[in-house]
Amino acid sequence: MKKHILVVPGDGIGQEVTAVGKQVLEKIAEKYGHEFTYDEALIGHVAIEATGNPLPDETLTKMRASDAVLFGAVGHPKYDNDPTAKVRPEQGLLKMRKELGLFANLRPIKLFDELLEASSIKPEILKGADILFFRELTGDIYFGEKGRKDDGDSAYDIAAYSKYEVERIARKAFEAARTRRKKLCSVDKANVLETSRLWREVVQAIAPEYPDVEVEHQFVDAAAMMLIKDPRRFDVVVTANLFGDILTDEASQIAGSMGMLASASVGESTGVYEPIHGSAHDITGKGVANPMASVLSAALLLDISFGLKEESDAIINAVDQVLKAGYRTRDIADSTTPAEQILNTEAIGQKILELI
Ligand code: IPM
Ligand code: MN
């Protein structure tokens with residue numbers, strides 16, 4: 001298969017982990033006889049530094065022209081404590097999502113058995129947890145009108161959804177549930193928010209078209225509690241942009257570490273594959289970041305954008321084998337991990353490559 005992949009490492013550890021994700025793609029191409037070509041582009045803080053723009057037109061053009069994007073992270077601490085900054089790295093990410101029509105963000109939360117002890121949740125509650133989140137990604141309070149009034153003394157962000165936007169993400173979630181344990185949990189705040197009442201109305205209206213899928217509705221506060229109390233009760237979860245952002249960070253603890261979680265953003269054109277973790281400037285440049293989220297993002301890319309299921313499974317299997325062999329990065333090591341089994345980014349990447 002011939003494909004063109006755009007690599008967009010972005011900021012912080014994005015650079016370090018995406019390098020490993022790309023090596024894994026190269027290894028797969030070599031092993032399975034595919035021809036992948038690559039290009040690179042800038043986004044986020046590095047793009048602001050180089051061009052003044054967090055998403056240069058050139059990057060967007062290259063994204064549109066590629067078959068898939070392997071993405072790193074965006075963000076820089078210098079903006080976090082400067083709420084007045086007009087140009088920010090995250091604007092690049094949000095604009096990319098909107099411009100490419102990436103309305104569905106898939107975040108699979110799957111615990112590798114070897115990491116049962118790495119989570120702060122009790123193993124007997126976690127064992128076997130396997131959840132697939134569908135986070136709506138181009139609507140909600142993220143993209144509504146925002147501003148200041150009263151000479152800057154008050155601020156507002158408007159949350160808005162159309163039926164069309166809810167229906168297209170809900171259908172994707174229903175269809176995914178069909179291929180899994182056939183349970184769908186729609187999360188909203190319909191006891192308070194009008195957007196949530198519309199959300200629930202749409203999900204209820206299309207549910208009869210999927211009679212084989214069991215649907216439940218939960219309020220977001222209850223869902224946040226239930227995720228930790230009994231994660232195994234969830235199969236597919238579908239929710240709005242902001243709720244999905246928060247719940248998936250919480251759910252990452254089910255998988256032991258943020259460093260393990262990959263995501264796929266898909267929609268109207270090129271799919272974008274990225275770790276759910278951020279730029280992590282506290283560990284940037286130290287070479288200790290866990291590259292597995294990027295490696296697993298590469299696996300999602302092969303499966304979802306290219307339909308290469310066998311190749312994708314080979315990557316997941318290699319990660320599993322590395323964990324079974326006892327190798328860990330710092331974030332997933334525990335007090336029982338021997339020091340020589342704690343590897344840096346490059347070394348654990350090398351182990352994964354060998355096992356592919
Ligand atoms: C994510 C991130 C982004 C989001 C930030 C960096 C804007 O947290 O992808 O989950 O809030 O969507
Ligand atoms: Mn987030």
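In each ligand, atom 1 is the first atom listed, and ligand 1 is the first ligand listed. Not measured: the values here are computed from a predicted model.
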* Asked: So which N/O/S atom does D245 have closest to the Mn ion (ligand 2)?
  -> OD1

* Is it the case that one hydrophobic cluster holds both M260 and I121, taking links as side-chain heavy atoms less than 4.5 Å apart, direct or via other members? -> yes

* For the rings on F134 and F103, is their centre-to-centre separation under 6.0 Å? -> no

* Measure from the Mn ion (ligand 2) to each N, O or S atom of D249 and report whether any distance is below 2.8 Å. => no

* Within 45° cone of F243 ring axis and under 6.0 Å: K189 NZ or CZ -> no

* **Y79/H45 aromatic ring centres below 6.0 Å** => yes

List below, pair by pair, the N or O atoms of ligand 1 and of the protein that are less than 3.5 Å apart, including the distance to 0.1 Å; reply 'none' if no pair qualifies.
| residue | atom | partner | partner atom | Å |
| --- | --- | --- | --- | --- |
| ligand 1 | 8 (O) | D245 | OD1 | 3.4 |
| ligand 1 | 9 (O) | R97 | NH2 | 2.7 |
| ligand 1 | 9 (O) | R107 | NH2 | 3.2 |
| ligand 1 | 10 (O) | R107 | NH2 | 3.0 |
| ligand 1 | 10 (O) | R135 | NH1 | 3.2 |
| ligand 1 | 10 (O) | D245 | OD1 | 3.0 |
| ligand 1 | 11 (O) | Y142 | OH | 2.5 |
| ligand 1 | 12 (O) | R97 | NH1 | 2.7 |
| ligand 1 | 12 (O) | R135 | NH1 | 3.4 |
| ligand 1 | 12 (O) | R135 | NH2 | 2.8 |

* Any idea how Y38 and F36 line up, ring-wise: parallel (<30°), tilted (30 to 60°), or perpendicular (>60°)? -> perpendicular

* Structure fact -> What one should report as the nearest heavy-atom pair of T270 and M63 is OG1-O, 2.9 Å

* Asked: With no hydrogens and no angle check, is any side-chain donor or acceptor of S305 less than 3.5 Å from a backbone partner on A68?
  -> no

